[in-house]
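Let me begin by presenting the structure, written as structure tokens, before commenting on it.
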Amino acid sequence: MAGEELNDPRLLHVLSRSRHSLEQVGAEPNTQAWVKSCASTEPGTDKLLRLLEEHVSEPSFLHSLESARAESEAAGQPDPTPPAGGGDQAPPHSHALQADWWELKPDGDFASVSEDTGDYVVVEHADAVAAMSHFIAAYIVTLPEAASCDSRQLQKALAETIQELRKGRVRRLLDWGRTIYRAVAVSYGAFSAYTNPWLAKAVLTALLTAVRMLAGLVVL
């Protein structure tokens with residue numbers, strides 16, 4: 001599995017469009033450390049999912065979904081056919097979706113993060129939460145399953161899905177990296193217990209991608 005790439009042109013397309021804004025938010029003071037702490041500890045993951053649930057439930061997020069839909073329609077859908085050959089012909093950021101990219105690997109940064117999120121608990125980092133939420137919205141609206149939902153329905157389903165993820169098996173977000181890779185590549189099997197399996201998978205896929213960018217865990 002190592003070295004294989006996940007063929008998700010929609011995610012790559014959204015990542016290409018959103019890269020600059022994610023990098024800007026990630027450069028803000030303490031954002032990288034806060035995001036790493038949230039994604040790699042149980043208390044941090046619970047806190048992050050709670051903040052995301054609150055954010056996507058706000059009336060203003062409805063506008064984010066509608067804007068994301070308009071941008072997606074204007075940008076058009078990416079070519080679902082992977083490029084022939086490889087090497088220089090690989091799509092931009094394709095290495096970001098390799099199996100190894102999703103692995104949580106111990107290093108100096110993670111070794112210094114304790115289960116207690118400590119000082120980071122008092123810092124809400126609203127910009128980081130908003131950036132993750134907007135990236136999730138931008139990805140979800142590109143999926144065929146979202147076409148049958150209007151923006152209000154999608155907002156409600158999204159908030160409910162994040163709540164289910166928080167109450168379900170997602171303890172440490174980055175531990176789901178390998179599961180997400182396999183599930184996206186194979187089936188919805190790992191998410192069959194959720195009300196909307198496709199949405200649970202999509203939320204975790206987009207959230208992990210945004211987290212890796214904001215935390216500076218990948219250089220694109």
For a quick test of reading the model, state the closest non-hydrogen atom pair linking [X] to [Y] and the distance between them.
X: A159; Y: S57; value: CB-OG, 3.4 Å
X: L214; Y: A128; value: CD1-O, 4.0 Å
X: R69; Y: C149; value: NH2-O, 2.6 Å
X: V56; Y: I162; value: CG2-CD1, 4.0 Å
X: Q32; Y: G26; value: CG-O, 3.5 Å
X: R166; Y: L49; value: CA-CD1, 3.7 Å

Any side-chain heavy atom of [X] within less than 4.5 Å of one from [Y]?
X: L165; Y: Y194; result: yes
X: W198; Y: I140; result: yes
X: M132; Y: V211; result: yes
X: D46; Y: E42; result: no
X: N196; Y: E145; result: no
X: H125; Y: N30; result: yes
X: F135; Y: L15; result: yes
X: L158; Y: Q155; result: no

[X] side chain to [Y] main-chain N or O, any donor-acceptor pair under 3.5 Å?
X: T205; Y: K201; result: yes
X: T45; Y: C38; result: yes
X: S133; Y: V129; result: yes
X: S16; Y: H13; result: no
X: E23; Y: H20; result: no

Rounded at 0.5 Å granularity, tell me how far [atom1] in [X] sits from [atom2] in [Y].
X: L52; Y: K47; atom1: CG; atom2: NZ; result: 11.5 Å
X: L11; Y: S18; atom1: CG; atom2: OG; result: 9.5 Å
X: H55; Y: S60; atom1: NE2; atom2: OG; result: 5.5 Å
X: L12; Y: T209; atom1: CG; atom2: OG1; result: 9.0 Å
X: Q24; Y: R19; atom1: CD; atom2: CZ; result: 12.0 Å
X: E66; Y: L154; atom1: CD; atom2: CG; result: 10.5 Å

Same cluster (ILVMFWY, side-chain, under 4.5 Å), L208 and L143: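 L208 clusters together with L143.
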task: Please work out whether the ring planes of H134 and F61 are parallel, tilted or perpendicular, with thresholds of 30° and 60°.
output: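 Judged by the thresholds at 30° and 60°, the geometry between H134 and F61 is parallel.
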- prompt: Is it true that the side chains of E160 and T195 contain a donor and an acceptor less than 3.5 Å apart?
  reply: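 Note: E160 and T195 side chains miss the donor-acceptor criterion.
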